[in-house]
Amino acid sequence: MRIDIVTIFPEYLAPLRLSLVGRAVDARTIDLRVHDLRAFTHDRHHTVDDTPYGGGPGMVMSPAAWGEALDHICGRRGVEADDGAHRPTLVVPTPSGRRFTQATAQEFSREPWLVFACGRYEGIDARVTQHYAGRPDWNGVRELSIGDYVLAGGEVATLVMVEAAARLVPGVLGNETSVLDDSFAAGEMENLLEGPVFTKPPVWRDLAVPEVLLSGHHGRIAQWRRDQARVRTADHRPDLLH
Ligand code: JBE
């Protein structure tokens, strides 16, 4: 899977070189390329923003540098060379997007090529998404939000989306079965949160591990985990119980 990220703060994406995703990058399972938007400007101050038409607070990111950056990433391949299987999907993290969920992460993990456009200030000139949504050499545009709060830019939301998708790419996680137990994972525990987990020692500061987990009865343990998942969901996320 190829992932391109365009930002005015390339250092912000450095955590993707660490841990699980970093190992997938080292192993070339993920081809990660981070680009500085300012490299696609032509004025001496590398300007990427301007005042909003119609007035209002803050600044808006200008379309010109975005167009040059995204065209550079996509490359200049003829229509004959385009087999349709390797077109990039443009992802724009924004608080005004549709919600990014585990289902979106699953879809992303099956995409061959994702390009993230990290906006700062009040966002990116709307003609950028409009233009790439209509480009036959691109696989569409996804404007997505990771939650109902406002961040300073799309970089942290990009970290979230890349990590959520990358760990679902075959070969990235060591233990392939562990994603089946995730909170929000499809399957038996669909729409339930994961319950509490324990490890050694069996007693810590007078607190004992629930006896059933030490019993070796796999059926009773599975039943207990289902019960705990329902208790946890009712307490923390009653909205998930239908
Ligand atoms: O969720 N997001 O994708 C965001 C992007 C930029 C700023 N705030 C957000 N919540």
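Order of appearance sets the numbers: ligands from 1, and atoms from 1 within every ligand.
In this structure a side-chain-to-backbone donor-acceptor pair under 3.5 Å is missing from Thr41 to Ala65.
Of the listed options Val91, Val156, Thr94, Val92, Thr94 places a heavy atom closest to atom 3 (O) of ligand 1. Taking all heavy atoms of Gly123, Ser145, Gly97, Pro95 into account, the minimum distance to atom 7 (C) of ligand 1 is reached by Pro95.
Within 6.0 Å of atom CZ in Arg226, more than 12 heavy atoms from other residues, nucleotides or ligands are found, so the atom counts as buried in its surroundings. Other residues, nucleotides and ligands contribute more than 12 heavy atoms inside 6.0 Å of the CZ atom of Arg99.
The ligand atoms of ligand 1 that sit less than 4.0 angstrom from a heavy atom of Gly153 are 6 (C), 7 (C). Of all atoms in ligand 1, listed by their number and element, those nearer than 4.0 Å to a heavy atom of Ala157 are 2 (N), 3 (O).
Residues Asp137 and Cys74 form a side-chain contact, since some pair of their non-hydrogen atoms from C-beta on lies under 4.5 Å apart.
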Practice item. Carefully, step by step, assess Thr94 and Glu143 under the rule side-chain hydrogen bond (donor to acceptor under 3.5 Å, both in side chains). Key: CA-CA 6 Å; Thr94 166; Glu143 291 184 273; 5.4 Å; no
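Note on ligand 1: Leu144 sits in its first shell, one or more heavy atoms being nearer than 4.0 Å.
Annotation: Val150 places no N or O atom under 3.5 Å from an N or O atom of ligand 1; distance criterion only.
The closest protein non-hydrogen atom to atom 1 (O) of ligand 1 is Ile146 N, 2.8 Å. The nearest protein atom to atom 8 (N) of ligand 1, hydrogens excluded, is given as Leu151 N, 2.9 Å; this is a heavy-atom distance. At the top of the distance list for atom 10 (N) of ligand 1, counting protein heavy atoms only, stands Tyr149 O, 2.8 Å.
A salt bridge does not link Arg38 to Asp36: none of the charged nitrogens lies less than 4.0 Å from a carboxylate oxygen.
In this structure, Trp224 has no ring-ring contact (aromatic ring centres under 6.0 Å, His included) partners at least two apart in sequence or on a different chain.
Using a 4.0 Å cut-off between heavy atoms, Pro93 contacts ligand 1 through both its backbone and its side chain.
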